[in-house]
Structures are given as structure tokens and as C-alpha cells.
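Because only heavy atoms are used, hydrogens play no part in the values below, and waters and symmetry mates are left out as well, while side chains stay in. Note on naming: letters A, B, ... go to the chains in the order of the sequence lines (proteins, then strands), and numbering restarts at 1 for each one.
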Amino acid sequence: MQLEILYTITILIGEFLSHTIHPMERIGIVVFPGSNCDRDVHRALNHDLKIPADLVWHANSKLSSYDSFVIPGGFSYGDHLRAGAIAAHTPAVEELKKKANKGRMILGICNGFQILVECGLLPGALVTNKSLCFICGWTNIRVETNTTAFTSLLSLGQTIKIPIAHGQGRYIVDKQILASISKKNQVVFRYCQNNPNGSTDSIAAVCNEDRNVMGIMPHPERVPAFGIGHEASLIFRSLWDHLTG
Amino acid sequence: MTIENKPYVSDPEGETILRDLIMRGGYANVIGVRVAKSLKLKVKAKNKKIAEENARTMCESLRIFNPVVSNCSITAIPKIKPLARGHSKTRHNRR
Amino acid sequence: MTIENKPYVSDPEGETILRDLIMRGGYANVIGVRVAKSLKLKVKAKNKKIAEENARTMCESLRIFNPVVSNCSITAIPKIKPLARGHSKTRHNRR
Amino acid sequence: MGSPYWIGRVTEAFLAALTKEELTYLSKELKREPNRLEKEIIAAEWSEHCSYKSSKKYIKKLPNEGKHVLIGPGYDAGVLDVGDGYVVTVHIESHNHPSAVDPYGGSSTGVGGVIRDIISMGTRPIALLDSLRFAPISKHESANSDSGWLLKNVVKGIGDYGNCIGVPTVGGEVEFDASFADYCLVDVVSIGIGSGKSTVRNTASWGDIIILVGGATGRDGINGAAFASKKYERKERSAVQIADPFTEKLLIEAILEGIESDIIKALKDLGGGGLSCCLSEMSDNLGLGFNIELDQIHIKESGMSPIELMISESQERMVVVVDPTDAKEIGQIFRKYGLRFTTIGKVENHGNLIIKNKKRIAAQLPSHLVANAPLAYRAFKKPAYLLDLNRRQPPVFSPLDLSDTLFLMLSNPTIASKKWIYSQYDFEVGLRTKLQPGIADASVLRLDNGKHLAIKLDGNSKHCYIDPYNGTLGCLSEACRNITCTGATPIGVVDHLQFGNPENPDIFWSFRQAVKAVTDFCKFAKVPVVGGKVSFYNETNRGPIKPTPVIGAIGLIQRGRPVLEARLKEGDTLFVIGNTLEELGGSEYYEFVHNFTGGKVPRVDLKNDQTNRNTVLYLVNNAKVSCMHDCSKGGIATAISEMAILGAVGFELDVDRIPNSCLSLEGILFSESHSRFLIGTQRPDDLENILSSVDGLIFSRIGKASNAKVSFRNEGKCIIDTNIHELTFHHNAIERIMIK
Ligand SMILES: Nc1ncnc2c1ncn2[C@@H]1O[C@H](COP(=O)(O)OP(=O)(O)O)[C@@H](O)[C@H]1O
Ligand SMILES: [Mg+2]
């Protein structure tokens, strides 16, 4: 009984928030056919971190009323052709590109990272892991820059624990691009201790030149919001801090 | 249409096949393996050249291959083999 | 060496590429897509025929493809093209 | 490797599946000769796979009532009430034959099938578990020996499917045994969650429309059900099923959206036997008739005959029944997800399954007749091999170095770490995985009401071969023990009974023994059977597989109660509960180390088993312990090493303090007696007091965890002297075999 009341209250508060907060101040979680971490991100943001966010189907016209986005993990369009390749050609991604050019914030996680790379918002490519196997487990990543809106609450050089789960997570860039993104400080996280997928220079996350779009292979939505291992959730908190000033 | 990693991108699958299967199987005359993905498209077009051009434009505009890591080569084969879909006669084809 | 699902075996990947990418991209002249995997082997052999035969035995004994599901076609191209690795010039080759 | 084993002949026509008696019965019931299409429909539904004609009589008698059971066996999935308005659904399926021919396609379509059973109940799939059996993967051969090739591709198939649809594979088990040469067993369990309201009521009325949704119908998998019901013959085409997890994922979301909108009245997945089985069972269950038009079905290949349409086993399809006024809304949902669908017919009051093709009636059969195959009587007798085995005395083995033996046991792929397997599965998607694979005896999931669900699969074909009854009893005991270790109370089990040809009296005898064991255990422990599956005809040219019942135990952990791991901690004092007997028959020690089959298998004393489990549950619930592990394959020496490897901590163990009635040191270390638990605690005196107060409980304080050294002492001598790094190295054997 008590629990039910609690749920009802939570739902009421949720509804209250969704009515009082303008979509501009909410995060849109873009759902493609085959996305499968969308509900997890939704839960982590709304329930654990109390950051207002909505699931938005990619073909829904409401998408354009949001100003900041998370593209969740999963297998959009079944990962056919290449992970992220087909989603990158949808009108929804065209819309996101426009928003990105206006400086809006976009965070791509796992498959979201793959989509951002495929649509050209981020440099490089993500290909099949060096081991040829899907890998799931926890790994350590190091903060390479905290001058992004996604890492402002983390300290430079800090190592955090975070889950990974991907089959095509090997980040590839050629020498020129690598030199350029290193120079412009666009590498946001690197795997440390071991490189689970064979990424160039152990890169786990990159951002664009304007630093408003970031792609990350590991899954920050899978860590607890409090207690041991919560550090990765500071990625979302940093973003929210930035959005709410 | 064959999509293949650029030379600077290593090909772990090809390497594994070479090392674990072929070399261990004793096939010493095989000295290199590269894995690629091919797409067989069935395209309506006036001639081979147009078909290839069509395919190439499509390939580039839809980014059928990722130019950062892959090359793509295209060859049209005029009507040599009908695509399986909807061709029940090919049904018992084994090879 | 091209490994492809048998004609009667469906190819969900090809279907998705056709439906969600190519057709939506407005390329109406493409009417079918099948996805296959190719292996480029660099083989030392006296002639084309021997090379092809070698490759076929190897392919079968090492189970490089599962004959229950896939067909495999093998063509040897005598020295026509060096293996891509390390040859950046082949990049725009259309054959 | 020899000649590739898949090159076999294409065997006799599908019709052969109906026996003469069945045909006679059919004509008598119909009062006419059935036509060809009717015969094919009936043959599909009356196959062993769909009709359970050999086993139904026995399965029906399994205890299936309990306070948590809302829907027991007989539906697509069992439904358990977990309180606060939530239900959990469970189902188990195998895909053995297809996986043996095409391990990648076979295992992945197996996952797809069992997931659709969960959707059929209107619940969202939240977890998968897999139970796998192969011939030994040897250390010396490459990973591409037959069984290595099967293992690699089965794991990839399960991973690719589950990962793509976003359902975590949270646990499982693997056994290697030579009886699975050229073959494999691939069992998958799926779990779903829903609210009591949302589960589909499965009612319909006259005029409702019937919609087929999902993948297009093609010629794939034609004859699949008959294939699984006939001895394993290498048919070509029939075995090949291409999985399409992307379509399945869309199907999950679309169906659940339909259920949320409360417009789906009845719902069923298409599995073995295709439309024939689905439509006949559905109309029979609803007590209504179906008029079906075949012309409209969306197809993959042109020119498909009515027979092919009716028996095609194309994957990722479901049938839904909606009120005509909701047709538009359901269409919108399917269109949103880009799913293809067609209205294939109408619900009628006549009780028949009427199939029309091009406006003409092609088949007309009473649904009840189709859906209820005449049962088959199967003869049974105790197999001769058992008499032989029972007589066989274990030889006296020359003593081996005990450290080396322990290393060998730990590197035995049946016992070794399964990390190479589960790290290819996304075991965390969905945010419910409380205990991930590898760190405890069972997998534990978070439920939406604050409770936790524990689940584990167990099987032991070596025990069941030597003694089908006691072997099966052991599987039940082990599965329940495993979930108890995490702090869960068993609320139900699923059983999957896998055997050879049931027409062979020897095999049918073993089957009956297994059923008896399930009945006895469940009655005594008051744990209901909530679902299951029977798979017969698991044979190759080498003969039948060993009898292999696989048991899945499901348990509930109440809100606020501890959830326990098996990880040993620095400073823990070690206790054992339960007696160790000289029960080495079918043990990994006999079979793997000495290559000997025979002897007495462990027996379960149901009363002790229960006492020990209840005691352990009390300890976990009251936070008296820091870790818990059950003792099974590989015995005490293995179990304690596993705890230490997990905790990365060494230990000292006094072997002479282990309560036992063994004749040998090896017996104490490696016997697989049931009902035993290993416990680590930081409060040894407290624990000792509690344990002493339990009537008739056998237990002992046997050692302590500290630093990195590992030593087993007996009568003042150190009989095994090693360290945790060495144990860990040997335990990683599968990785070394599979990754070159
Ligand atoms: N096929 C598999 N898939 C996923 N997880 C597995 C598989 N096999 C074993 N595991 C996991 O590895 C761990 C050890 O399994 P097992 O050896 O069966 O346990 P036990 O020692 O209790 O018999 C468990 O967490 C189990 O869930
Ligand atoms: Mg166990």
C-alpha cells in the first residue's frame, strides 16, 4: 500500500514537472527502431538523477521542440550495414545536425556515438572490436579534458569505473585526424589499464570542435546515481548543470 | 559492390582466419587474407555504365561505405544472375 | 571468395538496407539487395585452376562457411590486383 | 575432422510423420478422407514437438499449484504473482537440432522463439538464461574442432540476438560430455515482467479480426517441427532459419504498445508448426472457430502453396486478435514500427479451422480435433546398460598428486570460469541485473516493487545417465540450492526434459524416472512446476544423448532483504553444512580425471535437503554470513576454490574437519553429495551457536580466508599447497582454449 502511494506521488510529481517545465529545459532521448538503452537512460535521468527527460520517437514532430538530446545505445535498424549507418540518414538526425550547428547539446552513448560518427557530427569511425567478439563488462576510463559541458564536474586525469557493452566499439581515425583532435583537445575519455576493443590511442569518447556534441562508447546510465561507482553519472549531472546554468 | 577496410585499418578478422584456420590447417600457400563486405544490388538501368554510375552516386550520398575507414569498388554484371527474391525457380539451387 | 546466404535463405540485413536506407533515400531503380561476405586471399599457386581448387578444399575443410546456410563462389584473379594491404593506389579502382 | 558432417541426404516427405493409426483415427473423426492440406496441418500439430503425444499424460500430473502461481504449465509461459500487482512470466525452450546443423542460426532463432512466448503473455521480456551442452573442447585441438566450432557459434548466436533486442542474458550453465559428439543441447529460459492487469486475457468473440504481424512468410524452416520430432537427420533446407532480431525488437515494442492501449484481445506466437499449430491451438483455447484467408499473407517468396504457407516456420511472426473497431489503431501501431501485417481472417462461432485459398475452402477441420492429438502409448523398460553400469566397480586409481588433481578439476571446462561466454552477452541492459553472471550461484534481478528475483538453471547428464531418478532429483536440489545461496525462497521451477527416441522403451523408462523425480521433489518441497518443455529424438548416428533434464529454479527475495554473493572475503571463517558421502558416480572427478563412468551417484535426502536450505535461508536473511556457495560439480575442493578465486583471497582448510562418511581423501575433496553449502562469515561464534540449535543439522567450522596462500591440511600434513594466482590461472581454461 505504502509503495503504491509513493508511486502515485512520483507519477504526480512527474506529470507536474512535465507540465511546468518547458521542453527547452528538458532533455529529449531520441528513440530509433532498435534503440534498446532508451528506457535505461530515461530511468537513470528521471528516476535516479532527477533530471527531466522524455523518450521521443525519432519520427515524432515533437522532437524539434527539444534543445538538448541524448541518443541512447542499442542496435538502431538492427546495426545493419554498419552500426548507426541507417539512423544517420533519418530526418531526425538531420534535425539534430541543425540543432548541433546552433550550439545545442547532444550526447551519444554507444550506438548514439556510432550514429554521431556516421552522420558526420563527430570525426572518425567505429568498427568491429579487435577481438571480433561483443564485450560486456566494467572498465576504467580516464578524464582527458574537463572543459566540456559533459565533464565539468569531473577532474582532469581522474579515473572512473564504467560498464561497456558493444560489438563495434573500436574507434578509428587516421593520423591527420588524430593529430587534429588531439591538438584541439577533443579526446574526452581514454580507456586506461587496458584497451578493450582496440581503439586508436585507447579513445573512449570524443567531442566536436565546438564541444557541444560528445560521443562515448561506455554506458554512464548503467552506474548507480549514488555510492560506489557513481562517478560516471557526473557526466549527466555536468550536462544538466550546464543546461540550467 | 565490395566494401573493404582501407590499408591503414587493420583487419583482425582476416588476420584471425589466416592465423588460426589457414596456417594451423597447414595451407602454407595462402599468404594473406582480407575480409570485405559485399552488397549485391539489383538495379534497373539502361546499361552497365549507367548502372555503375547510379550505384556510385547512391553509395556516396547514402554513405553505404564509410570513407574514413573503407574503400568501395563497384562492378555491374548485366543480367547475369537474377536476384533470389521472388524467383522461386532458383529455389533448389545449391550452388 | 564470396560467401552468401543460399537463395532461399532470407537476408534481413539486405532487406533493411533496401527498405530503410535505399528506398527512403529515393533510389527507386534499386529493386533488391543481398549482403555477402568476401574474403580476398593471396594464394601462391601454379595457375588459376589450381589456386581455385586449393581455395575450395581449404574453405570446406576449415569450415570457413557453413554449407548448410551459405554458398561460396571462388574466383581466382591471377596477379591482376595485388592485395589491397599496403596499396593505397587501388583505392579508386573500379576494376 | 573427417568429412563434413552436415552433408547428408534430404529425407522423406513430411507426411511420413503421421502414423497409419493416426490417419485412421483422423478419417473416422472427420467421417471422410482428409485432403492433402488437411493432412499436412494435422501432421504439423500432431508432431511430438507440438502435441506432446508421448509425454502429455505424464506432464499433466506434475504438481503445479502454489500460492504464487497464477497460470501454470500449458500456456506459452507460466505466470507467477510477485506481489504489489506485478507478475513474472517464465518459459524454457530448446533448439537442439537446428543448432547442431547451424549453430549460429539455430541458437539465435531459439532465443527469438522463447522471447515471443513471453510477449504472448503480454509481458515485457527482462532476462534470458542459457543452458548449453557440447562434446568436450579439448585443450590440444584448436577452437575449430567440431565442438569448439559449435560452442563458438552458439554463443555468438545467443549473444547477437539477445544483445540486439536489448534483453540481458544474465546467467546459465554449460556441461561438456562426450555423448554430445556431433550434437549440442541449447536451452534458453526467458523471464518477463508485467502488471497483473496487462497480461492478456485471451478471450475473443464472433466477428473479431485475426492479424498476422511481423516477418514475411517464406519457405524457411519448412518441416522444422517434424524435423525436431524425427531422429536427427541432416536435412538441408528444413534446418535453416535465419534470425532477424531487429524485427523481433520491433515486434516486442509494438505488441506491448498494443497491450498498453488495451486493444489486443488474444495473442499467440508462431513457433514450431507455424500457422497450423498457432491457429488450431488458439481457436481451440478460445473455444471458437477461425475463418482464414491465405491469399493476403505477406510472403517472402512468390508461388507459395497453401501447404507451405500453413507449415512455414518463418521467424518473428505473431497472431493477434482484435475487435474490428480497433483495427485502425493496431494498424497505426504496427505501421509506426515499420512492421508488416495482414488481416488473415475472422473469429467465427463454428468451432472449426477453415482455411480458404482464392476464395475456395482448402481445409476445414474441427479445431478441437487438430489441437488434441491422440496420445501415443509408449512402452518402457529398464535399460540393460544400467544393470551393466551398476555392476561396474570403480577400479582402484593410483593416487595422483592432489594439487595437480585440483588444478585439473578447475581447468575442466565444465567447472572452469564461463567468463569467455557471458562476457559476450550484454548482461546489464535494462538496469535490473543485481548480481551479474559469475559472482554468485544464481542470477538476481531487480523487480519494480523493490523485491528481487533469483533464477538458476541446472542439469547433470553424467548423473542422469547413471541414475535417471536420483540424477534428476539432484538437478532440482542443486537449482534450489543455488537460488537459496543468494537469499531467495523458491517459488517455482521449470523443467526441460531432453531425451532420445521415446519409441525406444529404454529411453522412455528414463523419461518416466525423471518425471517421477520432478514430482517427488516438488511435492515434498512444495515448489510448483510452472512450465516446461519436452524434447525427444535427440539422437545422432552415434545414438541417443544422455538423459538430460534441465531444471530452472525461480526464487523471490523480499523487500529489504540481503542479496548475497559467493565472493570470499579476507578474514572470513569457513563453515560447511551437510554431510559428504562417498558418492563419486558420475562425478567430474571420475569422468574428467579418470575417464571412468560408473559407481553410485549422489542421492538427495529430501528432508535433510529442506532443513539445510531453510537454515541457510535464515542465515542469509538475518545477515549472519558474508558469502555463500553451494557445493556441487567438483565437490568441496572445487567449491571452496571458486569462492576464493572470486574474492581473490587465499585460505587454509582442515580437511579432517569436514563431516563425512568417505573411504578416501579424494572422496572428501571431490564427491558431489547434495545438500551441502559453504559459508564464509565474520561472526563465527554467532554462527556456530545458531547452527548448533538446528535439530539434526550436520555442520563444521573448516577453515579461514587470508592473504594469497592456499593450503589444504589433513592430520597435520599439508596435502595441497598453492596460491590464489595459480588457482585463478587454471580456472581460466576456457578462455585459453577458445582465444588463440
Ligand atoms: N552459458 C552461460 N551463459 C551465461 N552465464 C553462464 C553460463 N554458464 C555459466 N554461467 C554463469 O557462470 C557462473 C557459474 O556457473 P556454474 O558453474 O553453472 O555455477 P555453479 O558453480 O553454481 O554450478 C554463474 O553465474 C552462471 O550464471
Ligand atoms: Mg552453484
Side-chain angles (χ1 to χ4, degrees), chain B residues 1-8 10-11 13-14 17-18 20-22 24-45 50-52 54-58 61-64 71-75 81-88 90-95, chain C residues 1-11 13-15 17-18 21-22 24-45 50-51 54-55 57-59 61-64 67 71-73 81-95:
Chain B
M1 190 180 285
T2 306
I3 304 164
E4 188 185 0
N5 278 1
K6 287 192 177 173
Y8 84 89
S10 71
D11 171 21
E13 183 164 3
I17 293 179
L18 181 63
D20 291 349
L21 278 174
I22 301 184
R24 210 126 38 79
Y27 293 84
N29 51 342
V30 181
I31 51 176
V33 180
R34 289 289 279 192
V35 177
K37 182 165 191 158
S38 355
L39 299 184
K40 283 201 188 175
L41 304 184
K42 200 177 177 180
V43 180
K44 280 197 248 169
I50 295 183
E52 283 181 4
N54 270 351
R56 175 151 300 274
T57 3
M58 185 189 75
S61 79
L62 296 182
R63 265 176 71 125
I64 298 271
N71 291 330
C72 177
S73 63
I74 295 174
T75 331
K81 212 160 84 182
L83 216 79
R85 165 187 293 208
H87 286 260
S88 56
T90 59
R91 180 180 154 203
H92 290 296
N93 248 352
R94 296 265 161 83
R95 248 180 213 143
Chain C
M1 186 182 289
T2 306
I3 301 165
E4 186 185 2
N5 279 0
K6 294 192 175 178
Y8 56 77
V9 174
S10 64
D11 173 19
E13 175 156 16
E15 282 163 28
I17 294 176
L18 180 63
L21 189 62
I22 298 183
R24 256 206 280 129
Y27 291 84
N29 54 339
V30 181
I31 52 178
V33 179
R34 292 285 281 190
V35 176
K37 183 168 189 160
S38 350
L39 297 184
K40 286 197 187 178
L41 305 184
K42 203 173 176 181
V43 181
K44 279 196 248 168
I50 295 184
N54 269 354
T57 6
M58 185 187 76
C59 212
S61 78
L62 298 181
R63 216 176 270 177
I64 291 199
N71 288 332
C72 176
S73 62
K81 211 160 87 177
L83 217 75
R85 169 188 292 209
H87 286 262
S88 54
K89 272 159 253 149
T90 60
R91 184 175 154 205
H92 290 297
N93 239 351
R94 292 216 187 135
R95 251 205 234 164

Checklist entry - Among C:K44, C:K37, C:M58, which residue forms the greatest number of heavy-atom pairs with chain B at distances under 4.5 Å? => result C:M58

Item to check | Contact origin within B:I31 toward chain C - heavy atom pairs under 4.5 Å | outcome: both

Checklist entry - For B:L18, is it the side chain, the backbone, both or neither that has a heavy atom under 4.5 Å from a heavy atom of chain C? => result neither

Checklist outcome for this item: Okay, C:A45 and chain B: the region with an atom under 4.5 Å from a heavy atom over there is neither

Item to check | Segment of C:I22 engaging chain B (4.5 angstrom heavy-atom cut-off) | outcome: both

Checklist outcome for this item: Max heavy-atom pairs within cutoff under 4.5 Å with chain C, candidates B:A36, B:G14, B:S10, B:A55, goes to B:A36

Next on the checklist: Quick check on the interface: out of B:I64, B:N29, B:I3, who has the most heavy-atom pairs with chain C under 4.5 Å?
Outcome noted: B:N29

Checklist outcome for this item: Residue set satisfying side chain to side chain donor-acceptor pair (under 3.5 Å) with C:T2, at least two apart, ordered chain then number -> none

Item to check | Residue list, side chain to side chain donor-acceptor pair (under 3.5 Å) with B:S61, at least two apart or on another chain | outcome: C:Y27

Checklist entry - What heavy-atom pair brings B:M1 and B:C72 nearest, and what distance separates the two atoms? => result CG-SG, 3.6 Å

Item to check | Closest heavy-atom pair and its distance - C:D11, C:V33 | outcome: OD2-O, 3.9 Å

Checklist entry - For B:N5, does its backbone N or O pair with a side-chain atom of B:R34 as donor and acceptor, under 3.5 Å? => result yes

Item to check | Option among B:V43, B:T57, B:I74 that satisfies the side-chain contact (heavy atoms from CB on, under 4.5 Å) test with B:E52 | outcome: B:I74

